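Predicted, not measured: the structure shown is a model, and the values here were computed from it.
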Amino acid sequence: MGSLEEQLRPQLLSGLAYERLLAEIVSGRLPPGQRLRLDLLAHAWAVSRTPVREALQRLVDMRFVQVSPSAGTRVAEWSRVDMVERAHVVGRLIVEKTCTGPPARIHSQASRLADGDCELLGYLELSEHLISRELGRLGARIVRDHIDPLRLFVDSQTALRHGVDLDADRAPRRSLLSAALDAIERQDPVAARDALEAFSASFIDALGSGTAQTAAQPQSQMRMQMQMQMQPQA
């Protein structure tokens with residue numbers, strides 16, 4: 001048995017490779033169709049092939065990377081519609097799964113989340129806190145597959161490159177986030193749910209759901225997607 005550092009190093013390298021690749025893809029620096037060569041990435045980052053391979057597989061699972069026998073490993077075609085789908089999942093979970101349990105203790109974080117430069121990042125941080133608390137290991141998957149990509153996407157410059165203007169309606173969203181935090185603090189789940197539902201709807205609108213097919217999905221289909229997300233991995 002090696003030291004704890006030696007045991008953890010492959011996991012840490014895999015996580016770092018995943019985070020770097022995800023950031024490069026979401027930012028557009030690695031555009032759709034870009035070939036991803038395992039050997040070149042490993043050489044450029046001075047790591048073995050294993051952590052890069054594991055990172056690529058995680059991104060395949062998230063539909064950011066695709067593997068084809070003829071075309072090899074490439075950045076997948078994706079768009080803001082993919083982010084709208086993730087925002088739907090986060091919004092549904094935060095309302096249905098986190099507003100019905102014990103009151104959240106966020107007193108030390110409330111003012112920071114409400115007063116931050118970007119209310120969308122505050123909302124996603126609150127979502128991570130509540131979903132992780134309520135769903136445990138499954139919550140960690142939701143954070144990785146849905147919240148982390150959204151957190152990268154809501155950078156104003158990144159969003160603009162995808163045709164999304166996130167600067168509109170910031171003031172109403174800040175008010176909704178403050179209302180949700182106040183309701184959570186005073187243990188009023190109904191008011192918290194209403195504010196978070198309104199924020200989620202505004203977030204989805206900001207991502208362009210008015211013209212996206214996702215916005216027209218029936219509730220039953222959305223519920224089916226949620227159930228699939230919550231199934232444990234084999």
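- No side-chain donor-acceptor contact under 3.5 Å links R49 to the backbone of A42.
- Contact annotation: the side chain of E185 never approaches that of L181 to less than 4.5 Å [non-hydrogen atoms, C-beta and beyond].
- In this structure, the salt bridge (charged side-chain N to carboxylate O under 4.0 Å, His left out) partners of R186, at least two apart in sequence or on a different chain, are D188.
- Looking at residues two or more places apart in sequence or on another chain, you find a side chain to side chain contact (heavy atoms under 4.5 Å, CB included) between E24 and R20, R29, L30.
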Practice problem: Tell me, with the steps shown, if V90 and F203 meet side chain to side chain contact (heavy atoms under 4.5 Å, CB included). | Solution: CA-CA 11 Å; V90 172; F203 186 18; over 6 Å; no
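- A donor-acceptor distance shorter than 3.5 angstrom exists from the side chain of S178 to the backbone of R174, with no hydrogens or angles considered.
- Although no hydrogens or angles enter the test, the distance criterion places no donor-acceptor pair under 3.5 Å between the side chain of R63 and the main chain of A76.
- Crowding of R37 atom CZ: a count of heavy atoms from other residues, nucleotides or ligands under 6.0 Å not exceeding 12.
- Counting only distance, with no hydrogens or angles, the side chain of S202 and the backbone of A198 share no donor-acceptor pair below 3.5 Å.
- Not a single donor-acceptor pair under 3.5 Å links the side chain of R193 to the backbone N or O of E96.
- Closest non-hydrogen pair, A180 versus A192, comes out as O-CB, 4.3 Å.
- In this structure, the separation between CZ on R92 and CD1 on I94 is 13.0 Å, given to the nearest 0.5 Å.
- Scanning for salt bridge (charged side-chain N to carboxylate O under 4.0 Å, His left out) contacts around D167 gives R170, with sequence neighbours left out.
- The salt bridge (charged side-chain N to carboxylate O under 4.0 Å, His left out) check on D194 picks up nothing, with sequence neighbours excluded.
- For the pair F153 and R80, the tightest heavy-atom approach, listed with the atom from each and the gap, is CZ-CB, 4.1 Å.
- A87 and S200 get closest at one heavy-atom pair: O-OG, 4.2 Å.
- Heavy atoms only, all atoms of each residue included: G15 and R58 are closest at CA-NH1, 3.9 Å.
- Judged as a ring pair (Phe, Tyr, Trp, His ring centres under 6.0 Å), the pairs with a partner in residues 30-74 (not counting sequence neighbours) are, in order, F64-W78.
- Atoms CD and CD1, on E85 and I204 in that order, are 11.0 Å from each other to the nearest 0.5 Å.
- For the salt bridge (charged side-chain N to carboxylate O under 4.0 Å, His left out) test, residues two or more places apart in sequence or in another chain that qualify with D148 are R151.
- Considering CG of L126 and CD1 of I131, their distance stands at 9.0 Å, rounded to 0.5 Å.
- Separation of atoms SG (C118) and CD (E125) is listed at 11.5 Å; rounding is to 0.5 Å.
- Following chains of ILVMFWY side-chain contacts shorter than 4.5 Å, one cannot reach M83 starting from L160, and the two form parts of different hydrophobic clusters.
- Under the 4.5 Å side-chain heavy-atom criterion for ILVMFWY residues, a single connected hydrophobic cluster contains both L38 and L22.
- L135 places a side-chain heavy atom less than 4.5 Å from the side chain of L93.
- Annotation: side chain of D145 is not in contact with side chain of V89 (no heavy-atom distance under 4.5 Å).
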Quiz item: Taking it one step at a time, do D169 and D205 satisfy side chain to side chain contact (heavy atoms under 4.5 Å, CB included)?
Solution: CA-CA 10 Å; D169 298 324; D205 285 343; over 6 Å; no
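- Rounding to the nearest 0.5 Å gives a distance of 12.0 Å between OG1 of T73 and CD of Q34.
- Residues L40 and V52 do not share a hydrophobic cluster, clusters being chains of Ile/Leu/Val/Met/Phe/Trp/Tyr side chains in contact below 4.5 Å.
- A71 approaches R74 most closely through the heavy-atom pair O-NE, 2.9 Å.
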Exercise. With side chain to side chain contact (heavy atoms under 4.5 Å, CB included) as the test, would you mind laying out the steps for L59 and L36 before giving the verdict?
Key: CA-CA 12 Å; L59 291 165; L36 300 173; over 6 Å; no
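- Minimum heavy-atom separation, E77 to G33: OE2-N, 4.4 Å.
- With hydrogens and angles disregarded, a donor-acceptor distance shorter than 3.5 Å links the side chain of D82 to the backbone of S79.
- In this structure, the side chain of R161 engages the main chain of S27 through a donor-acceptor pair within 3.5 Å.
- Two residues are said to be in side-chain contact when any heavy atoms from C-beta on lie closer than 4.5 Å; L150 and L207 meet this criterion.
- In this structure, L177 CG and L120 CG are separated by 9.0 Å, a value rounded to the nearest 0.5 Å.
- The cluster map of Ile, Leu, Val, Met, Phe, Trp and Tyr, joined by side-chain heavy atoms under 4.5 Å apart, puts V60 and L152 in the same cluster.
- Considering L176, L196, I147 in turn, L196 is the only one that fulfils the side-chain contact (heavy atoms from CB on, under 4.5 Å) rule with Y123.
- The backbone N or O of A171 sits less than 3.5 Å from a side-chain atom of S175, completing a donor-acceptor pair.
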